[in-house]
Visitor: 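Handing you this structure, nothing more for now.
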Amino acid sequence: MQKSYDPSKIEKKWQTVWEKKKVFQTKDKSKKPKFYGLIEFPYPSGDGLHVGHVRSNTAMDIITRKKRMEGFNVLYPIGYDSFGLPTENYAIKTGVQPEIVTKKNIKIFRKQLKSLGFSFDWDREINTSDPKYFKWTQWIFLKFLEKGLAYKAKIDINWCPRCKIGLANEEVIGGNCERCGAPVEKREKEQWMLAITKYAERLIKDLDTVDYLEQIKTQQKNWIGKSEGTLLKFQISNSQSQNNEKMEIEVFTTRADTLFGVTYIVLAPEHELVKKLIADPQFQISNKEEIKKYIKDSKNRTEIERTNEEKEKTGVEIKGVKAINPANGEEVSVFIADYVLANYGTGAVMAVPAHDERDYKFAKKYNLPIIEVISGGNISEKAFIDYGMLINSKNFNGMKSEEAIKAITTQFGKSVVKYKLRDWVFSRQRYWGEPIPVVHCEKCGIVPLKEKDLPLKLPKVKNYEPTDTGESPLASITKWVNTKCPKCGGFAKRETDTMPNWAGSSWYFLRYTDPKNTKKFADFKKLKYWTPIDWYNGGMEHVTLHLLYSRFWHKFLYDLKLVPTKEPYKKRTTHGMILGEGGEKMSKSLGNVINPDTIVKTFGADTLRVYEMFMGPFDQAISWGENNIVGVRRFLEKVWKLQFKVSKIAKTNEKLETLLHKTIKKVGEDIESMSFNTAISAMMILANEMEKEPAITKKDFEIFITILSPFAPHIAEEIWSNLGNKSLIAETKWPSFDKKKIVQEKVTIMVQVNGKIRAQFEAERDISESVAKNKAISLPEVQKWLAKGEIKKVIFVSGKIINFVI
RNA sequence: GCCGGAGUGGCGGAAUGGUAGACGCGCACGACUCAAAAUCGUGUCUCGCAAGGGGUGAGAGUUCAAGUCUCUCCUCCGGCACCA
C-alpha cells in the first residue's frame with residue numbers, strides 16, 4: 001500500500017483491470033431493468049479532446065456508474081461523428097485523405113477518453129464515416145426516397161461564398177454562415193430535400209410525452225413556429241386566366257379581424273404571380289422596368305442587408321394592377337416588397353397599416369391610406385396591434401377581435417395552420433460526407449441504388465477543393481461518376497452531392513444497440529430492449545437542430561415499423577459550456593485552450609473529473625479556473641489519508657453516523673438532479689468530519705468510498721482494494737440510507753423576536769411548543785427583548801424556530 | 001422587439017418561505033521547520049470598543065419571517081428575429 005496518493009500509478013492500473021474484466025461491457029439480455037444513458041458523440045477534430053467533452057462525459061459517467069451499482073443493466077456507449085468540414089478543409093490544405101486524418105484523430109480521442117476512466121462499452125464504438133456504418137445512413141435515405149419524403153427541388157438556397165457550400169436555414173445565423181461567419185447569399189440550385197415539414201405537427205405535439213427541460217421544448221416549438229390563421233383570396237380586377245376565371249392573390253393572415261382595414265396588397269419579389277403579371281398582356285403595367293430592377297436588386301442583396309433594413313422598407317407598386325377586397329369589394333393597390341418573405345405563408349400579405357407596424361411604416365413612406373378598424377389605439381401616431389373592438393367593418397362592427405377572426409374566416413376565407421419550419425436542404429457539394437446513393441439515368445431518371453450495392457463508398461481523389469460553380473469535388477471523378485443504371489443497365493451518372501453532417505448523427509443512438517449488425521441497421525428486438533434512451537445529455541447548441549432532425553428520422557422509422565417508439569429520447573438535459581479563464585470561448589486564436597492531457601498528467605484524471613463537476617452548476621456556462629483545481633486535489637489527498645485511519649477498534653458515534661446517512665441521501669439525490677457540485681461539497685464535509693475523528697470504522701469508510709466512486713473511480717477502486725476487498729467497487733452495491741439515522745435527536749431551536757434572531761438553545765427534536773416557549777422565555781437574551789413589549793403572538797415551527805411577535 | 005435564464009463576499013458558488021454566505025479558492029495569523037514548501041489549526045460580508053445596526057441589482061408589496069413569493073424597473077447571458 002502506497003503511503004502517498006499518486007494517480008499516475010493507480011489510474012492506468014484500474015483502467016486496465018476494468019478493460020480486462022469487461023466490467024462495462026453490456027449484455028443485450030438481462031433480468032435487470034435497463035438504463036440507456038447517452039452523450040453526444042464527439043467530432044474527432046485534430047485539436048483533440050476538449051475539457052467540455054470531459055464535463056459532459058463525466059456527468060453521464062457518474063449517472064451510469066450509479067445506475068449500475070443500483071442494479072441496472074446499463075448501456076453507456078461512445079462513438080465518433082466523423083464526417084465534417086474541418087477534416088475536409090485540412091485535406092484541401094494538405095492533400096492528406098480525410099479518411100486517414102479521421103483514423104488518426106479517432107485514435108487520439110480514444111486514448112484520451114480512456115485515460116479519463118469513463119465506463120463506456122468500448123465494444124460498441126461506432127464511427128459515422130465507416131462504410132459499415134454509413135451503409136445504413138444511405139439505406140435510410142433510400143427509405144425516405146421510397147416514401148416520397150426525399151425529393152429534388154430547384155430552390156433558392158443559402159450559399160456561403162467562402163465555404164462554397166449550400167447551407168440549411170438552420171445553419172444560417174443572423175444572415176451569416178454558421179461556420180465561417182461570411183454573409184450568406186441566395187443561389188438557385190437543384191438540391192435534395194427531406195420533407196420534415198410533413199412531421200411538423202407531430203414534432204410539436206409529441207413534446208408533451210417527453211421529459212425535456214422546458215426551455216428545450218420551447219426552443220423546438222419556436223423553431224417549428226406554428227401559427228394558426230386564415231387564407232383569404234383577393235381577386236385581381238379586370239383579369240382573366242385561361243379557364244375564364246379571375247386571377248387571384250392568396251394571402252395568409254392571423255388577423256382576419258382587420259380585413260376591412262386592408263389598403264394594399266404586398267407580394268414577395270420572388271412570388272410566381274409577379275412574373276405572370278408582368279408577362280400578361282391584359283395588364284397595362286406602366287413601370288415594368290422598375291419592377292424588374294427591384295426584383296433583381298433584392299436578389300443580389302444578402303440576408304444581412306435585407307434584415308438590416310429594418311427601419312427603411314422598400315417596395316414598388318405594380319401600376320395597372322388592382323386587387324379586390326373580398327369583404328367590401330373595394331379595389332386596393334398591389335406592391336412588391338422584400339419585407340414580405342417568399343417562403344412563409346403564401347408569399348403575399350394583405351397590408352393593414354393601422355394595425356401592423358411593418359405595414360404602418362411602409363404606408364407612411366409611400367403615402368398609402370391608413371384605415372382604423374380596431375378601436376383602442378391612436379393610429380395617427382403608431383399602429384395599434386392589440387386586439388380590440390371592430391369599427392368601420394360593416395356588420396362586424398362591435399365584435400371583439402377573437403370573435404371577428406372566426407366570423408370573418410368563416411364568411412370570406414378558410415382557416416389554416418402554417419409553420420416557419422421548411423423542408424430540410426439535404427445536399428452538400430462536398431467530398432467528406434455520405435454519398436447520396438442514387439444515379440441519374442437518361443432513360444429512367446433518378447434511380448436509387450440497390451440495397452446490395454450499399455455502401456456506396458467515396459472514391460479517392462486528389463483535389464478536395466469545392467468548385468465555384470457549386471459542384472461537389474466528386475463531379476470531376478469521371479471514373480466514379482460514370483456508371484450503369486441499376487434499372488435498365490444503360491449509361492448513368494452518379495449523384496455527386498453528399499449528405500450534410502446531421503445525417504449520421506440523426507440515428508446513431510439506434511446503432512449502439514446493435515453496432516455490428518450487417519443485415520439491418522439494428523435488430524428490432526434489441527431496439528425494443530434498449531430504446532427509448534432513458535437520459536440524453538448534450539449541449540444547448542444542439543437543442544434545436546440535432547434534436548429536431550433525429551426526432552424526425554426516428555418518427556419516420558417508427559412509421560415504417562422499424563423502431564418501436566415514437567420518440568427517441570425520454571429525457572434530455574443540457575450542460576453549460578466551459579469557457580476560458582477570462583470568460584471567452586476557448587479557442588486556438590485566443591490561446592486559452594486547456595488540454596485535458598496536461599491536467600491528467602499534473603493532477604490526475606480523478607482530480608480533473610471531480611473538479612469539472614465541482615466548478616459550478618452543471619447546466620451553466622463557467623470559466624476555467626486553474627486555481628480551484630488544487631482544492632479538489634487536496635480533497636482527494638485527504639480521502640487517501642483517511643484510509644489509514646480505518647481501525648478495528650474504532651466505534652461509530654451518532655454524530656458521524658447521522659452525517660454519513662445524510663450524505664448518502666444527498667449524493668444520491670444530487671446525482672439524479674445533476675447537482676454534482678453540491679454532492680461533492682457534501683462529501684467534502686463528510687471527509688472533514690472523518691478527519692477529525694481519531695479513528696473510523698471500515699464499514700463507514702467503505703460507504704463513503706462507494707458514494708465517491710462514480711466521481712473518482714480510480715482512487716475509490718484503489719482504496720477499496722487496499723481495504724482488503726477482492727471485488728471491484730464498480731460492481732458493488734450503491735448504499736442505502738437509513739431514514740431513522742438521518743433524523744437528529746438534538747436540534748438547535750432559534751428564538752426570534754419580531755422575526756429577528758435573538759437567541760438559540762439545544763433541544764430534543766420533538767420538543768413541544770409549550771416547553772419550547774417556556775425555555776425560550778427563560779433565556780436572558782430573550783427576556784431583554786421581550787421586556788420591550790407585550791407578546792401578541794407566538795409562532796412555533798417544530799424543531800426549528802420559535803418567534804415572538806410583540 | 002419577442003421568448004427563456006440569471007444578478008448573493010476578493011473569486012467559483014451554497015441556501016424545502018425559517019441561523020444568508022455551506023463547500024472550495026484566495027488572504028491573514030498561529031503550529032511544525034534552521035528555513036521554505038507541503039500539512040494541520042484559527043479567523044475571514046460590513047459598520048461598531050461593545051451593546052447593537054446594515055446587508056443577496058434598484059424600488060415597492062405580501063408575511064410573524066423574503067435571497068426565495070407578487071408587481072415595477074435596471075443590467076448581463078442565451079435563443080429567435082420583417083414569420084404577416
Side-chain angles (χ1 to χ4, degrees), chain A residues 4 173-175 213-219 221-223 225-227 229-230 251-256 258 266 268 306-311 313 337-341 343-352 355-359 361-362 385 418-422 540-541 543-544 574 576-577 583 610-611 614-617 619-632 634-635 637-638 641 675 677-688 691-692 748-760 781 784 792-797 799-806:
Chain A
S4 65
I173 308 295
L213 296 173
E214 213 39 53
Q215 201 185 348
I216 300 175
K217 289 190 183 182
T218 314
Q219 269 196 37
K221 281 180 197 160
N222 286 349
W223 190 264
K226 180 178 178 174
S227 69
T230 310
V251 300
F252 173 70
T253 179
T254 54
R255 292 297 302 271
T258 63
V266 192
R306 261 171 94 153
T307 42
N308 269 352
E309 277 176 295
E310 222 172 278
K311 281 164 202 152
K313 304 216 177 300
D338 63 6
Y339 79 87
V340 173
L341 305 172
N343 38 20
Y344 182 74
T346 60
V349 301
M350 57 177 222
V352 187
H355 306 290
D356 181 282
E357 276 172 22
R358 294 152 303 178
D359 298 342
K361 279 180 192 157
F362 193 81
I385 56 170
K418 294 279 176 193
Y419 301 92
K420 283 194 236 175
L421 185 72
R422 288 161 224 166
M540 206 59 209
E541 69 276 18
V543 152
T544 27
T574 56
M577 260 204 297
V610 177
Y611 166 65
F614 185 61
M615 64 197 301
D619 58 345
Q620 276 168 43
I622 193 151
S623 303
W624 186 261
E626 196 85 42
N627 290 339
N628 294 310
I629 299 177
V630 295
V632 170
R634 274 180 206 156
F635 164 62
E637 300 264 7
K638 192 176 283 180
K641 282 183 197 154
S675 311
N677 53 337
T678 49
I680 292 163
S681 125
M683 289 188 285
M684 284 173 168
I685 293 169
L686 180 61
N688 290 344
E691 200 192 23
K692 282 179 197 154
T748 309
I749 305 280
M750 309 308 299
V751 185
Q752 298 182 331
V753 178
N754 282 350
K756 289 212 185 279
I757 284 151
R758 297 302 179 189
Q760 59 187 57
E781 309 96 290
K784 193 168 74 182
K792 279 190 195 151
K793 204 172 163 189
V794 179
I795 286 134
F796 178 69
V797 182
K800 271 185 186 159
I801 265 179
I802 183 155
N803 186 13
F804 297 97
V805 186
I806 62 165

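Every heavy atom of this structure was used, including side-chain atoms; hydrogens, water molecules and symmetry mates were not. In what follows, chains are A, B, ... by sequence order, proteins preceding strands, each numbered from 1.
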Visitor: For the side chain of Val349(A), counting heavy atoms from C-beta on, which of rA84(B), rU19(B), rC25(B) is nearest?
Guide: rA84(B)

Visitor: Can you measure from CD1 (Ile749(A)) to CZ (Phe796(A)) and round to the nearest 0.5 angstrom?
Guide: 5.0 Å

Visitor: Expressed in whole Å, how much space separates the P atoms belonging to rA22(B) and rU16(B)?
Guide: 15 Å

Visitor: Could you measure between the two C1' atoms, the one in rA58(B) and the one in rC23(B), and give it in whole Å?
Guide: 30 Å

Visitor: For Ser681(A), give me all partners under side chain to side chain donor-acceptor pair (under 3.5 Å), at least two apart in sequence or on another chain.
Guide: none

Visitor: Rounded to the nearest angstrom, tell me the gap between atom CD in Glu691(A) and atom P in rG24(B).
Guide: 10 Å

Visitor: Could you tell me whether Asp359(A) contacts a base, only the sugar-phosphate backbone, or nothing, with contacts defined as non-hydrogen atoms closer than 4.0 Å?
Guide: nothing

Visitor: Judged by each residue's nearest nucleotide on RNA chain B, which is more toward the 5′ side, Gln215(A) or Gly345(A)?
Guide: Gln215(A)

Visitor: Would you find a donor on one side and an acceptor on the other, under 3.5 Å apart, between the side chain of Tyr611(A) and the backbone of Gly625(A)?
Guide: yes

Visitor: Give one of base, sugar-phosphate or nothing for Ile629(A), where a contact means two heavy atoms less than 4.0 Å apart.
Guide: nothing

Visitor: Using the P atom as the reference point in each nucleotide, state the distance between rC64(B) and rU46(B) in Å, no decimals.
Guide: 34 Å

Visitor: Sequence neighbours left out, what passes side chain to side chain donor-acceptor pair (under 3.5 Å) with Lys784(A)? Give chain and number order.
Guide: none

Visitor: From the set rA14(B), rA81(B), rU19(B), return the single nucleotide nearest to any side-chain atom of Trp223(A).
Guide: rA81(B)

Visitor: Classify Lys793(A) by what it touches in the nucleic acid, base, sugar-phosphate, or nothing, heavy-atom distance under 4.0 Å.
Guide: sugar-phosphate

Visitor: Using the rule side chain to side chain contact (heavy atoms under 4.5 Å, CB included), only one of Gln215(A), Met540(A), Glu541(A) pairs with Thr574(A); which is it?
Guide: Met540(A)

Visitor: Out of rU19(B), rA84(B), rC23(B), which has the shortest distance to the side chain of Tyr344(A)?
Guide: rA84(B)

Visitor: For the pair made of CD in Gln752(A) and C1' in rA66(B), what is the distance, rounded to whole Å?
Guide: 12 Å

Visitor: Measuring from the side chain of Ile685(A) (C-beta onward, heavy atoms only), which nucleotide among rC40(B), rA14(B), rC23(B) has the closest atom?
Guide: rC23(B)

Visitor: Crowded around Glu781(A) CD? As in, over 12 foreign heavy atoms under 6.0 Å?
Guide: yes

Visitor: Could you tell me how far apart Leu213(A) (CG) and rG4(B) (P) are, to the nearest whole angstrom?
Guide: 15 Å

Visitor: Nearest of rA84(B), rC25(B), rA22(B) to any side-chain atom of Ser681(A)?
Guide: rA22(B)

Visitor: If you measure from CG on Asn688(A) to CZ on Phe635(A), what distance do you get to the nearest 0.5 Å?
Guide: 8.5 Å

Visitor: Please report the distance separating the P of rC73(B) from the corresponding atom of rG1(B), rounded so that it comes out in whole Å.
Guide: 12 Å

Visitor: Base, sugar-phosphate alone, or nothing: which one does Val805(A) contact when heavy atoms must sit under 4.0 Å apart?
Guide: sugar-phosphate

Visitor: Suppose we screen for side chain to side chain donor-acceptor pair (under 3.5 Å). Which residues come up paired with Lys641(A), at least two apart in sequence or across chains?
Guide: none

Visitor: Taking rG10(B) as the reference, what is the distance to rC45(B) when you measure between their C1' atoms (whole Å, please)?
Guide: 11 Å

Visitor: Give me, pair by pair, the N or O atoms of the protein and of nucleotides 50-54 of chain B that are less than 3.5 Å apart, along with how far apart they are.
Guide:
| residue | atom | partner | partner atom | Å |
| --- | --- | --- | --- | --- |
| rG52(B) | OP1 | Lys784(A) | NZ | 2.9 |
| rG53(B) | OP1 | Arg758(A) | NH2 | 3.2 |
| rG53(B) | OP2 | Arg758(A) | NH1 | 2.9 |

Visitor: Could you measure between the two C1' atoms, the one in rG67(B) and the one in rG9(B), and give it in whole Å?
Guide: 14 Å

Visitor: Does rG4(B) fall in syn (glycosidic angle within 90° of 0) or anti?
Guide: anti

Visitor: For Thr258(A), enumerate each residue passing the side chain to side chain donor-acceptor pair (under 3.5 Å) test, keeping only those at least two apart in sequence or located in another chain.
Guide: none

Visitor: Specify the residue among Gln219(A) and Asn688(A) whose closest nucleotide of RNA chain B lies further upstream toward the 5′ end.
Guide: Asn688(A)

Visitor: Could you tell me how far rG48(B) sits from rU42(B) if I compare only their P atoms? Round to whole Å.
Guide: 27 Å

Visitor: Can you find an N or O donor on one side and an acceptor on the other, under 3.5 Å apart, linking the side chain of Asn627(A) with the base of rC25(B)?
Guide: no

Visitor: Output one line per pair: protein atom, nucleotide atom from nucleotides 7-10 of chain B, and distance, for all N/O pairs under 3.5 Å.
Guide:
none

Visitor: Which value, in whole Å, describes the distance between the P atoms of nucleotides rC11(B) and rC2(B)?
Guide: 33 Å

